[in-house]
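Residue numbers run from 1 in the order of the sequence given. First listed ligand is number 1; within each ligand, the first listed atom is number 1. What you see is a predicted model, and the numbers here were worked out from it, not measured in a lab.
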Amino acid sequence: MALIPKSHPRLNSLLIREKLVKGFDNNLVAKEGLLAHGRGEAFDYLLGEKTSKSAKEAIKAAAFMLKNAQNSVISVNGNFAALCPKEIIQLANYTNSKIEVNLFYSTEKRKKAITKILKKSGAKEILGLNEKSSIKLSGIDSARRIVDKNGIFSADVVLVPLEDGDRTIALKKSKKKIITFDLNPLSRTAQTADITIVDNVTRAMKLLVVESKKKTQKNSKYNNNKNLKVSILEIKKNLERQAKNA
Ligand code: PTJ
């Protein structure tokens with residue numbers, strides 16, 4: 001592993017990258033997950049590598065939605081498991097959500113590695129591993145169509161982090177409410193979800209856990225389209241500022 005000087009101006013970003021690389025070496029992260037992370041890094045840079053006011057609003061709305069769901073499910077892919085294993089368990093506990101492993105590039109080896117890290121972090125029950133309770137969700141071509149009957153299939157709210165657009169669209173067609181983390185406010189998932197948290201999942205998950213731990217959550221008049229526009233303007237402002245200083 002590379003030696004990162006503590007004084008590096010982008011230390012956090014480099015530490016997150018190291019977690020992904022370690023996750024890849026340990027079979028958690030798909031090769032394509034590294035590419036997805038690179039795309040995320042670029043957007044994070046454009047957003048100033050900090051949690052914006054609009055992301056904080058989305059986080060509050062997400063906590064409210066999760067706490068008021070009948071059957072909420074946290075969908076876990078390789079990148080999410082490598083970056084936030086502890087926070088996944090904490091969020092599941094505070095919001096009474098189920099945890100389901102659901103992979104785009106699905107292999108038994110990766111499922112085992114992801115299960116191992118979630119269990120090590122305190123997970124008791126993990127869905128998505130038992131073929132007997134699996135069912136196919138229509139409208140998805142990838143391995144992500146295989147879901148658990150008692151999990152994603154019957155959920156009313158699903159948290160889908162760092163996601164490809166097809167599944168978000170299919171889940172919306174199945175009348176589910178979708179919450180996502182996506183640093184790219186222009187992605188299909190970001191544009192299709194009910195709540196898009198445009199922030200690095202490593203920062204935003206910590207805040208979502210804190211928000212969900214509170215006894216009560218406010219039901220704000222949250223508007224995802226409006227919120228996404230603010231994120232896009234944020235990027236534009238940052239670019240203009242950089243161009244002025246160039
Ligand atoms: O583990 P698997 O097999 O299920 O595969 C997962 C990946 C991530 C490979 C798969 O879902 C994928 O290809 O996703 P996409 O289509 O590349 O979309 C990922 C989105 O997440 C992109 O819009 C990225 O900008 C964004 N993103 C990447 N890293 C982060 C992020 N958003 C928030 N926080 C990040 N750290």
Neighbour count >12 (heavy atoms, 6.0 Å) for atom CG, Asn96
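Count not over threshold, so no.
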Amino acids in close contact with ligand 1, where any non-hydrogen atom sits under 4.0 angstrom away
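For ligand 1, the residues that come within the 4.0 Å heavy-atom cutoff are Glu32, Gly33, Ala36, His37, Arg39, Gly40, Asn77, Gly78, Leu83, Leu103, Phe104, Tyr105, Arg110, Arg144, Leu162, Glu163, Asp164, Asp182, Leu183, Asn184, Asp199, Asn200, Val201.
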Quick check: is Ile88 connected to Ile114 through a chain of hydrophobic side chains (ILVMFWY, heavy atoms under 4.5 Å apart)?
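As far as the 4.5 Å side-chain criterion goes, Ile88 and Ile114 are connected within one cluster.
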Keeping to residues at least two apart or across chains, list the side-chain hydrogen bond (donor to acceptor under 3.5 Å, both in side chains) pairs with something in residues 73-84.
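Listed by first then second residue: Ser75-Arg167.
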Partners passing salt bridge (charged side-chain N to carboxylate O under 4.0 Å, His left out) against Glu125 (at least two apart in sequence or in another chain):
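Per chain and number, Glu125 pairs via salt bridge (charged side-chain N to carboxylate O under 4.0 Å, His left out) with no residue.
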May I ask you to check whether Thr196 and Asn224 show a side-chain donor-acceptor distance below 3.5 Å?
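A donor-acceptor contact under 3.5 Å links the two side chains.
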For a quick test of your reading: what N or O donor-acceptor pairs under 3.5 Å do the side chains of residues 42-54 make, sequence neighbours left out?
{"unit_1": "Asp44", "atom_1": "OD1", "unit_2": "Arg203", "atom_2": "NH2", "d": "2.7"}
{"unit_1": "Asp44", "atom_1": "OD2", "unit_2": "Asn200", "atom_2": "ND2", "d": "3.0"}
{"unit_1": "Asp44", "atom_1": "OD2", "unit_2": "Arg203", "atom_2": "NH1", "d": "3.4"}
{"unit_1": "Glu49", "atom_1": "OE2", "unit_2": "Arg10", "atom_2": "NE", "d": "3.1"}
{"unit_1": "Glu49", "atom_1": "OE2", "unit_2": "Arg10", "atom_2": "NH2", "d": "2.6"}
{"unit_1": "Thr51", "atom_1": "OG1", "unit_2": "Asp199", "atom_2": "OD2", "d": "2.7"}
{"unit_1": "Ser52", "atom_1": "OG", "unit_2": "Ser54", "atom_2": "OG", "d": "3.1"}
{"unit_1": "Ser52", "atom_1": "OG", "unit_2": "Ala55", "atom_2": "N", "d": "3.1"}

